[in-house]
Amino acid sequence: MSSSNLKSRARALAENQTAALGLILGIGIVLRLILTAGTTGVLWPDSLTYFKWARQIAFHFNFSDHAPYRTPLYPIFLAFFLRLFGTSPLSGEIIIAAQRVLGLLSAVFVYKTARRIFSPSTALVSGVLYVASPLQLFYETVVQTEVLFMFLLSALIWRFVLLFCASDTRETPAYGGFALLGWLAGLLTLTRPIGKLLLPLLLLLLFCRSSNRRALVPQAILSLLIFCATLFPWLAVNRHSYGFWGLSQDTGLNLFHRVFDVDRTPPPDNSRFPMVDKIYRKVAVGNQVSYFKVYFGLYKRKVHFVAADRKMAGYAMEALRQHPEIFIIGTLRTFFRFFFDNRNSIHFCNLPRSKYLCDPGAKRIRLKPFPNRLDGSLFVAPKIVYWIFYLLRSINPALLSLLFLTGGCIFLSRSEMNRWAGGILLLVILYFAGLTAVFNTPEDRFVLPALPFMLMFASFALVSAAKAAQGKSG
């Protein structure tokens with residue numbers, strides 16, 4: 001077959017949305033079937049907390065027995081399956097299968113978003129790269145919030161892009177679309193609180209771009225009202241359980257972790273929080289991670305969880321004000337590492353004749369639905385899984401980031417592209433990168449929300465390079 005025939009067939013495949021989605025889902029299903037045969041649900045230390053809470057919801061309808069820094073949607077997701085199938089190993093397998101389905105649906109939303117903003121070819125490449133991403137495949141196997149969060153995030157951005165493009169063509173988007181947007185943003189925030197500022201920022205971007213701002217105001221208000229109404233029941237639960245109106249109480253925990261555990265900032269002099277200071281100086285000796293030790297140390301001294309979080313926030317702010325240069329340098333370093341650091345969350349534990357996906361720090365944890373260990377007699381499937389991840393992980397994250405930056409520059413330089421729509425994706429990337437840089441470390445689970453949108457620009461760079469090469473050869 002000649003190269004021209006191959007090019008025409010590839011172009012026809014990309015142009016045909018049904019065929020393109022079929023290819024993306026086909027690749028995704030094959031990979032996930034192999035993973036299902038060669039892995040088991042991976043537990044992290046947090047998984048135990050989510051499972052206990054889900055069991056309380058499933059069998060006692062108890063939502064209030066929770067830590068104040070948690071939100072409820074993922075435990076509700078787990079509880080749905082526990083209620084239907086009990087706590088048998090079958091329920092664990094069904095939960096992981098459901099997470100894999102959410103991953104496939106996320107890939108569909110990624111494809112549709114890229115097709116709307118870029119081109120059919122870029123959308124096809126983006127969908128394939130995302131559905132085969134080692135980070136996405138790994139987190140679909142982990143009993144954590146990430147996959148549910150990614151599903152809701154991809155659905156939210158796709159829904160917003162549709163509204164944005166309708167506004168861009170001077171059409172009047174329906175109120176139902178804005179109501180759905182607010183509901184999705186509420187569910188996203190109930191999965192992980194990091195999503196709480198995303199909807200206001202997106203609506204602000206839409207307001208800046210809209211040519212009919214007067215009509216947009218009631219639609220945006222409706223979206224925000226639905227968003228708040230979705231969150232309100234959970235705010236009421238926290239008010240009843242812990243005495244505060246809020247999604248979660250973890251600002252102090254995160255800031256304390258960032259200032260002292262990540263940046264290793266010296267403790268403040270003459271602190272207004274002597275109890276925090278005393279506990280921290282005691283536990284910091286020989287401990288790389290101290291924030292939860294301080295948190296529970298305060299609780300043991302009869303300090304309420306909410307008050308403990310506020311005291312830790314105040315103590316961290318004192319250190320930050322005394323050493324601002326450490327925080328500024330640390331923020332810039334973390335922002336850079338967000339894009340260029342090596343990915344380190346994917347681990348394998350040993351079987352007698354093979355390896356299996358695991359978290360080394362939690363491999364001793366066992367739950368009835370999640371044995372957290374493969375049968376040692378298995379050999380072929382785990383070996384295939386190991387080599388799949390080995391090959392996929394061999395792609396350097398720095399290469400992806402360089403392609404993302406190249407694609408972003410090419411996109412913004414072309415007047416025929418919808419730069420404002422591309423700005424939506426850049427805003428989402430900077431949103432998660434910025435919050436991670438300020439409050440956290442560049443762990444893979446914090447990078448994951450930005451991944452599909454980075455892949456879109458990287459795919460655009462690859463497609464642009466291929467077209468340029470084709471033009472030269474022609």
Side-chain angles (χ1 to χ4, degrees), residues 24 27-28 31 35 42 44 103 106-107 110 113-114 118 122 125-142 144-147 149-150 153-154 157 192 194 258 262 329-348 357-360 385-411 422 425-466:
I24 292 168
I27 293 172
L31 286 172
L35 261 65
V42 177
W44 281 11
S106 300
V110 168
T113 302
F118 296 95
T122 300
V125 177
S126 300
V128 170
L129 291 178
Y130 181 73
V131 85
S133 163
L135 282 187
Q136 177 66 25
L137 290 170
F138 174 71
Y139 281 107
E140 288 175 17
T141 313
V142 180
Q144 283 279 113
T145 61
E146 275 64 36
V147 171
F149 186 84
M150 288 304 301
L153 176 64
S154 59
I157 298 305
R192 286 178 57 192
I194 194 174
R258 166 62 205 281
V262 177
I329 293 171
T331 299
L332 295 175
R333 181 175 60 246
T334 301
F335 188 84
F336 179 83
R337 290 177 60 200
F338 184 93
F339 296 100
F340 294 98
D341 208 4
N342 288 325
R343 305 292 174 243
N344 56 7
S345 64
I346 302 173
H347 298 283
F348 285 87
L357 281 175
C358 73
D359 175 41
V385 170
Y386 174 77
W387 282 107
I388 287 174
F389 275 96
Y390 180 83
L391 292 172
L392 292 176
R393 288 173 63 193
S394 64
I395 302 173
N396 195 312
L399 175 61
L400 168 62
S401 294
L402 289 174
L403 286 172
F404 151 62
L405 292 173
T406 303
C409 292
I410 296 172
F411 182 88
L425 308 183
L426 293 173
L427 174 66
V428 175
I429 293 168
L430 292 174
Y431 175 83
F432 288 107
L435 288 178
T436 300
V438 173
F439 289 106
N440 284 300
T441 58
E443 297 176 18
D444 290 349
R445 61 196 182 102
F446 301 137
V447 176
L448 185 63
L451 178 65
F453 312 108
M454 293 171 62
L455 286 175
M456 291 181 196
F457 285 105
S459 300
F460 182 69
L462 292 173
V463 171
S464 299

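In what follows, every heavy atom counts, from backbone to side chain, and hydrogens, waters and symmetry copies are set aside.
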Roughly how far apart are [X] [atom1] and [Y] [atom2], rounded to 0.5 Å?
X      : Y      : atom1 : atom2 : answer
Met454 : Ile429 : CE    : CD1   : 6.5 Å
Gln144 : Phe138 : CD    : CZ    : 9.5 Å
Phe404 : Leu426 : CZ    : CG    : 5.5 Å
Phe348 : Asp359 : CZ    : CG    : 13.0 Å
Leu455 : Ser133 : CG    : OG    : 6.5 Å
Phe432 : Leu153 : CZ    : CG    : 5.0 Å

Any donor and acceptor pair, going by atom type alone, linking the side chain of Thr406 with main-chain N or O of Ala461 inside 3.5 Å?
-> no
Flag, side chain of Arg337 to backbone of Ala437, donor-acceptor distance under 3.5 Å |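 Such a contact is absent between Arg337 side chain and Ala437 backbone.
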For Leu135 and Ile346, run side-chain contact (heavy atoms from CB on, under 4.5 Å): C-alpha distance rounded to whole Å, both residues' side-chain angles, the deciding distance at 0.1 Å, then the answer.
-> CA-CA 8 Å; Leu135 282 187; Ile346 302 173; 4.3 Å; yes
Quick one: are [X] and [Y] in side-chain contact, heavy atoms under 4.5 Å?
X      : Y      : answer
Met456 : Val110 : yes
Gln136 : Pro452 : no
Phe118 : Phe457 : yes
Leu427 : Phe453 : no
Leu425 : Thr113 : yes
Phe446 : Arg192 : yes

Chi angles and distances behind the side-chain contact (heavy atoms from CB on, under 4.5 Å) call for Tyr139, Asp444 = CA-CA 10 Å; Tyr139 281 107; Asp444 290 349; 3.4 Å; yes
Might you work through the side-chain contact (heavy atoms from CB on, under 4.5 Å) test for Asn440 and Val262, ending with a clear yes or no?
-> CA-CA 8 Å; Asn440 284 300; Val262 177; over 6 Å; no
Does the side-chain contact (heavy atoms from CB on, under 4.5 Å) test come out yes or no for Ile194 and Phe439, once each step is laid out?
-> CA-CA 10 Å; Ile194 194 174; Phe439 289 106; over 6 Å; no
Closest contact, heavy atoms only, [X] versus [Y]:
X      : Y      : value
Ser126 : Ala114 : OG-CB, 4.0 Å
Val131 : Leu31  : O-CD1, 4.2 Å
Tyr130 : Gly103 : CE2-O, 4.3 Å
Ala433 : Phe335 : CB-CE1, 3.6 Å
Arg258 : Gly330 : NH2-C, 3.0 Å
Phe460 : Gly407 : CD2-O, 3.6 Å

